[in-house]
Amino acid sequence: MKASLFTCLSLLLVSPAVFADDDPAPTLAEVSYGPHAADVLDFWQAEGDGPRPLLVYIHGGGWRGGDKKRSPATFVPFLERGISYAAVNYRLSGEAPLPAPVHDAVRAIQFLRSKAKEWNINPDRIALTGGSAGACTSMWILLHDDLADPNADDPVLRESTRVTAAAVTAGQTSIDPKVIEGWLGPNVLKHAMIWTSVGADSMDAALEHYDQYRDLYHEFSPINHMDGDDPPLFMTYGNDMTLPSKNAGHGIHHPVYGVKMKEKADEVGEECYLLIPGVSKSDPYADANEFLFDKLLAP
């Protein structure tokens, strides 16, 4: 039986550990990391000797919705291994379309790195995770050249944006309608993420004025930034390989996104793992947790 996308999403970063009745509260909650009201994060500090690795969660929701709130099952396994955890909110596309949602998350990484001494973070061991649009953002940050500005007046912006690894689920490796329609068929273009992300009123408007949005679509498609000199990536998808995609929801989370990224990774020599239950294994890692533990706890 094929695993549903919901099942795939729920399995990512989940541990069988038993938790207390009360959710572990963040060490620091609703911390402002930027100039906008939405720019807040929660931080759970792990115990251990020396600076701790950090896993940063970027939420999904098509850049149109969603929130940083987390289930203990997603972060306690990391705290138990001595890995600190942060969960990030950012401006949504209804308030500010691209580049705002992604660039806010970038600033969150820079802010966390600026707090390395104060929050006992190892700045050389920071990884990313997220689902759907959060996966897209995570992959973009992972694969993009360093966005640090050494001449910035704001000291946060001088910090590096490079990270150690990313483990994501159901992420869009391209958001360019001219590309993904060819990969997945026309139903993917029914998902509002594709036009709201660039500030268009409809898919018809986005296509009619494609030249206006072309650069945004190209820039914020992570696959365009993979060049063989990037940190390792682990991707998980549901296993409904049906083509063309059956509807908007199936199309926007389709495993073909991962197949295309894996093909490019193999072509350029990038360390990349693709887990599609019953379709593609991710040896030597059974799941995203194993991958993240290995990368974050490496000597």
Side-chain angles (χ1 to χ4, degrees), residues 25-45 54-70 75 84-123 126-163 166 168 172 175 192-193 195-200 212-213 215-222 225:
T27 309
L28 297 164
E30 298 296 313
V31 178
S32 176
Y33 69 80
H36 308 286
D39 294 346
V40 293
L41 59 82
D42 296 336
F43 175 73
W44 289 260
Q45 189 170 41
L54 174 67
L55 179 61
V56 182
Y57 168 76
I58 303 171
H59 73 77
W63 294 319
R64 304 168 63 233
D67 183 82
K68 60 181 169 55
K69 184 173 175 59
R70 305 301 289 138
F75 62 81
S84 292
Y85 192 96
V88 174
N89 275 356
Y90 49 84
R91 284 175 293 168
L92 302 176
S93 58
E95 174 189 355
L98 291 171
V102 174
H103 282 183
D104 283 6
V106 168
R107 182 181 174 88
I109 303 307
Q110 293 175 299
F111 174 84
L112 286 160
R113 188 168 265 124
S114 77
K115 293 291 187 181
K117 290 184 179 180
E118 185 179 347
W119 294 1
N120 199 37
I121 295 168
N122 181 348
I126 298 176
L128 307 178
T129 191
S132 191
C136 185
T137 297
S138 296
M139 289 188 284
W140 188 89
I141 296 171
L142 180 85
L143 301 174
H144 201 281
D145 292 341
D146 199 336
L147 292 165
D149 180 358
N151 300 314
D153 292 333
D154 183 347
V156 170
L157 297 180
R158 300 176 206 152
E159 297 286 348
S160 174
T161 63
R162 296 296 275 169
V163 295
V168 301
Q172 300 80 30
I175 60 165
M193 177 183 178
W195 69 84
T196 58
S197 63
V198 296
Q212 174 184 340
Y213 303 120
D215 289 347
L216 283 173
Y217 281 133
H218 184 272
E219 170 62 17
F220 291 99
S221 293
H225 297 284

State, with a plain yes or no, whether a side-chain heavy atom of Ile58 is found less than 4.5 Å away from one of Ile141. yes

According to ring-ring contact (aromatic ring centres under 6.0 Å, His included), who are the partners of His59, at least two apart in sequence or on a separate chain? Tyr90

Partner residues of Ser160 under the side chain to side chain donor-acceptor pair (under 3.5 Å) criterion, sequence neighbours left out: Asp146

Test side chain to side chain contact (heavy atoms under 4.5 Å, CB included) applied to Asp42 - qualifying residues, sequence neighbours left out: Pro26, Ala29, Glu30, Trp44, Lys68

Interatomic distance, Asp104 atom CG to Leu92 atom CG [nearest 0.5 angstrom]: 9.5 Å

Is the backbone N or O of His36 less than 3.5 Å from a side-chain atom of Arg91, with the two atoms forming a donor-acceptor pair by type? no

Checking the side chain of Gln172 only, and the main-chain atoms of Cys136 only, is there a donor and an acceptor separated by less than 3.5 Å? no

Please name the pair of heavy atoms, one in Ser197 and one in Pro97, separated by the smallest distance, quoted to 0.1 Å. O-CB, 3.3 Å

Taking ring-ring contact (aromatic ring centres under 6.0 Å, His included) as the definition, give me every residue that meets it alongside Phe43, ordered by chain and number, with sequence neighbours left out. Trp119

side-chain contact (heavy atoms from CB on, under 4.5 Å) between Val56 and Ile126, intermediate numbers included: CA-CA 7 Å; Val56 182; Ile126 298 176; 4.1 Å; yes

Between Arg162 and Leu142 (side chain of the first, backbone of the second, donor and acceptor by atom type, cut-off under 3.5 Å), is there such a pair? yes

Any donor and acceptor pair, going by atom type alone, linking the side chain of Thr27 with main-chain N or O of Gln45 inside 3.5 Å? yes

Less than 6.0 angstrom from the centroid, inside 45 degrees of the normal: does Arg70 satisfy that with respect to the ring of Tyr85? no

Would you give the length of the straight line joining atom CG of Asn89 to atom CG of Leu41, rounded to the nearest 0.5 angstrom? 9.0 Å

Identify whether the distance between the nearest side-chain nitrogen and carboxylate oxygen of Asp153 and Arg158 falls below 4.0 Å. no

At their closest point, which heavy atom of Ser93 faces which heavy atom of Pro101, and how far apart are they? N-CG, 4.3 Å

Is a donor on one side and an acceptor on the other found under 3.5 Å between the side chain of Ser221 and the backbone of Ile175? yes

Grab the two heavy atoms, one from Pro222 and one from Leu143, that are nearest each other, plus how far apart they are. O-CD1, 3.4 Å

If the condition is ring-ring contact (aromatic ring centres under 6.0 Å, His included), which residues does Phe220 pass it with, not counting sequence neighbours? His103, Trp140

Between the main-chain N or O of Val106 and the side-chain N or O of Thr161, is there a donor-acceptor pair closer than 3.5 Å? no

Hey, could you give me the CH2/OG distance between Trp63 and Ser132, rounded to the nearest 0.5 Å? 9.0 Å

Trp195: ring-ring contact (aromatic ring centres under 6.0 Å, His included) partners, not counting sequence neighbours: none

Identify the heavy atoms of Ala133 and Gly61 that sit nearest to each other, and give their distance. CB-N, 4.3 Å

Gap separating the CG atom of Asp149 from the CD atom of Glu159, nearest 0.5 angstrom: 12.0 Å

Quick one: closest heavy-atom pair of Ala105 and Tyr33, and the distance? N-OH, 4.3 Å

Closest heavy-atom pair and its distance - Gly130, Ala135: O-CB, 3.4 Å

Is any side-chain heavy atom of Val40 closer than 4.5 Å to a side-chain heavy atom of Val31? no

Atom pair OG1 (Thr137) and NE2 (His144), whose distance is rounded to the nearest 0.5 Å: 12.5 Å

dist Leu28:CG -> Glu118:CD (nearest 0.5 Å) comes out at 8.0 Å

